[in-house]
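I'd like to ask you about the structure that follows.
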Amino acid sequence: MTLKKLMPVMLMLLVGCQSAPEAVQKAQKAKVGPARSLDMETLCKGQAAWRYNTGAQKINVIGFEQFQGSYEMRGYTARKEGFICSFDADGQFLHLSMR
């Protein structure tokens, strides 16, 4: 191959090697504030009340834990049935686990 034919190929390789800006992971930038955590608690109580067929006022949330990419709320019903509500890094409800 001649140098004239090889130059465009080399130029394309160099352009392809440029580094793209690093994306910030959601778990590093997402912070749930007090208002959002209250919304999460209300949603958790509502989901647990529906699942256990009771009123939301009979649901107690006792713990809020943050992990690398998610949140969990622990609680129990008036009949001492335990549960955990899971949320993603943005505070969106994922599921309710019965314990």
Please give me the minimum heavy-atom distance between Gly55 and Ala49, naming the atom from each residue. C-CB, 3.8 Å
Can you hop from Met73 to Tyr76 via hydrophobic side chains spaced under 4.5 Å? no
Shared hydrophobic cluster, Leu43 / Met98 (ILVMFWY, side-chain heavy atoms < 4.5 Å): yes
Is there a side-chain contact between Glu72 and Phe67, using heavy atoms and a 4.5 Å cut-off? yes
So do Cys85 and Leu96 actually touch side chain to side chain, heavy atoms under 4.5 Å? yes
Distance, nearest 0.5 Å, that separates CD of Gln47 from SG of Cys44: 8.5 Å
Minimum heavy-atom distance Arg74-Ile84, with the two atoms named: NH1-CD1, 3.0 Å
Do the side chains of Arg51 and Phe83 get nearer than 4.5 Å, heavy atoms only? no
Side chain to side chain contact (heavy atoms under 4.5 Å, CB included) evaluation trace for Lys45 with Val61: CA-CA 7 Å; Lys45 283 183 173 185; Val61 175; 3.9 Å; yes
Here the pair of heavy atoms bringing Tyr52 nearest to Glu81 is CD2-OE1, 3.3 Å
For Phe64 together with Tyr71, are the ring centres under 6.0 Å from each other? yes
Look only at the side chain of Asp88 and the backbone of Asp90, and say whether a donor-acceptor pair between them is shorter than 3.5 Å. yes
Which pair of non-hydrogen atoms, one from Gly91 and one from Arg36, has the smallest distance, and what is that distance? O-NH2, 2.5 Å
